[in-house]
Amino acid sequence: MGSTLLWPLARVWSVGARARVVLYRGGFLPRYRLQKPVVSVGNLSVGGTGKTPFVIWLWRELAARGISASVLTRGYRRTDRREPLLFESPEGSERAGDEVRLLLQAGVHPVGVAGRRELAGTALEESNPSLNVHLLDDGFQHLSLMRALDIVLLDCTRPPWEYDLLPAGRLREPVTALGRADIVVLTRAYGWTQAGEIEKLVREQNRGALIARATTEVRIDVTGPAFAFAGIGNPKAFYDDLGRRNIEIVDTLSFGDHHRYTAADGEKIIQRAQAAGASVIITTEKDAMNLVGPIPGLVIAPME
């Protein structure tokens, strides 16, 4: 559902998105190939599908099987504009963006950061000859880099048919783009969602893709009334995850995705939590990367 006033612009966006695919496939726009295979992890919408937890899970699964993988990302909202940035540990990554820091603190490495992901991939192949594969973070629309596999995540709490294309809605591409996917993962596929209907939609667009279902969990146990805040793509999903852990949420406060907290934000959070009678304050690992000062009673909830 999007603004009626923006509907014409969404139609222009749709034409542009389709034309872009045709231009890349027809060789009218340049494409680059790395020496090692690339596995893209992306989505149709703007944020909130659980992409970062999935990339962390996939990297760990590959590592457990002896497969050395890098992650290639643009480093959204980073303040260090040099390219490429290469990281083997969290050290020195403070200006690379919250998602890069979250990946590194989760043990994922190496991570290459660049707007042109092929630059990061080439540099990592030169410095890490033992690499087996690259994971292209948020890569479904990054068509300039050739890939061996496309994984697309769809959030079952936000069915695609409920939204229009940008700028009227949340979709980057029309659902017909699912025809390019090799694997479609239905995230947050809880029993109360329309996961079955979403799976039918995928099959209408792509008869050959592998379809899998996944859920997210928060790994904390909290007693007493809690106040939760988040500045992620889908804060409500985070609050729902806390509820499934039988955590008593007395109030919440949501911010925009990748929100960079100020001292005033911290004071507001503390005041809201006190007014609600909360004994603990909960936020996500991603939000913790963007805090500027301590918040008493703060508990960070890992999402898996």
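Note that the structure is predicted; figures quoted are calculated from it, not measured.
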Tell me, yes or no, whether the heavy-atom count around R81 atom CZ, taken from other residues, nucleotides or ligands under 6.0 Å, exceeds 12. yes
With a cut-off of under 6.0 Å to the ring centre and 45° to the axis, is R172 in cation-pi contact with F140? no
4.5 Å side-chain heavy-atom contact, V55 and V108: no
Pair E61 + R65, salt bridge at N-O below 4.0 Å: yes
Return the minimal non-hydrogen interatomic distance between A288 and I300, and the atom names on each side. CB-CD1, 3.6 Å
Nearest 0.5 Å, what's the CD1-CG distance between I249 and D251? 9.5 Å
Considering all heavy atoms of both residues, which atom of P159 and which atom of Q194 are nearest to each other, and what is their separation? CG-NE2, 4.2 Å
Could you check if a side-chain atom of V185 sits within less than 4.5 angstrom of a side-chain atom of V152, using non-hydrogen atoms only? no
Scan side-chain atoms only and decide if D138 and Y76 contain a donor-acceptor pair under the 3.5 Å cut-off. no
Within 45° cone and under 6.0 Å: R11 NZ/CZ vs W13 ring: no
Is it the case that the side chain of R20 and the backbone of V15 share a donor-acceptor pair, with hydrogens and angles ignored and the cut-off at 3.5 Å? no
Quick one: sort the H259 and F255 rings into parallel, tilted or perpendicular, breaks at 30° and 60°. parallel
Tell me whether R272 contacts the main-chain N or O of F227 through its side chain, where contact means a donor paired with an acceptor under 3.5 Å. no
For S127 and A123, indicate whether the former's side chain and the latter's backbone hold a donor-acceptor pair under 3.5 Å. yes
Do H258 and K286 have side chains that get closer than 4.5 Å, going by heavy atoms? yes
Can you tell whether the side chains of R78 and E83 come within less than 4.0 Å, N to carboxylate O? yes
Mind checking whether V41 and L136 have side chains closer than 4.5 Å, heavy atoms only? no
Residues 218-246 vs salt bridge (Lys or Arg N to Asp or Glu O under 4.0 Å), sequence neighbours excluded, gives E217-R219, R219-E304, D221-R245, K236-D240, D241-R244
Can you hop from M146 to L29 via hydrophobic side chains spaced under 4.5 Å? no
Hey, are the side chains of V184 and N206 touching, using non-hydrogen atoms and a 4.5 Å cut-off? no
For residues 23-38, which residue pairs pass the side-chain hydrogen bond (donor to acceptor under 3.5 Å, both in side chains) check, not counting sequence neighbours? none
If we ignore angles and hydrogens, is there a donor and acceptor under 3.5 Å between the side chains of D137 and T73? yes
Minimal non-hydrogen separation, W192 against T157, with atom names: CH2-CG2, 3.8 Å
In this structure, CZ of R158 is separated from CG of L44 (nearest 0.5 Å) by 13.5 Å
Quick one: do Y239 and F229 satisfy ring pair (Phe, Tyr, Trp, His ring centres under 6.0 Å)? Show the steps, please. CA-CA 8 Å; Y239 307 146; F229 71 93; 9.3 Å; no
Identify which one of L253, N290, I269, L298 satisfies the side chain to side chain contact (heavy atoms under 4.5 Å, CB included) criterion when paired with T283. L298
Any side-chain to backbone donor/acceptor pair from R101 onto M289? Under 3.5 Å, distance only. yes
So do the side chains of T52 and I56 get within less than 4.5 Å of each other, counting heavy atoms only? yes
Is there side-chain contact between R188 and L154, with heavy atoms separated by less than 4.5 Å? no
Between the side chain of T122 and the main-chain N/O of L119, is any donor-acceptor distance below 3.5 Å? no
Ion pair present between D80 and R82, side-chain N to carboxylate O less than 4.0 angstrom? yes
Between A226 and I247 the two heavy atoms that sit nearest each other are CB-CG2, 3.9 Å
Euclidean distance, L34 CG relative to L72 CG, rounded to 0.5 Å: 6.5 Å
Out of curiosity, L135 CG to L58 CG, how far, rounded to the nearest 0.5 Å? 5.0 Å
Quick check: does any side chain N or O of D164 sit under 3.5 Å from a backbone N or O of G169, one acting as donor and the other as acceptor? no
When rounded to the nearest 0.5 Å, the distance separating OG of S93 from NE2 of H109 is 13.0 Å
Any luck finding a side-chain donor-acceptor pair between S40 and D150 under 3.5 Å? yes
Taken to the nearest 0.5 Å, the spacing of L62 CG from S70 OG works out to 10.5 Å
For E126 and P129, which heavy atoms make the closest approach, and how far apart are they? O-CD, 4.4 Å
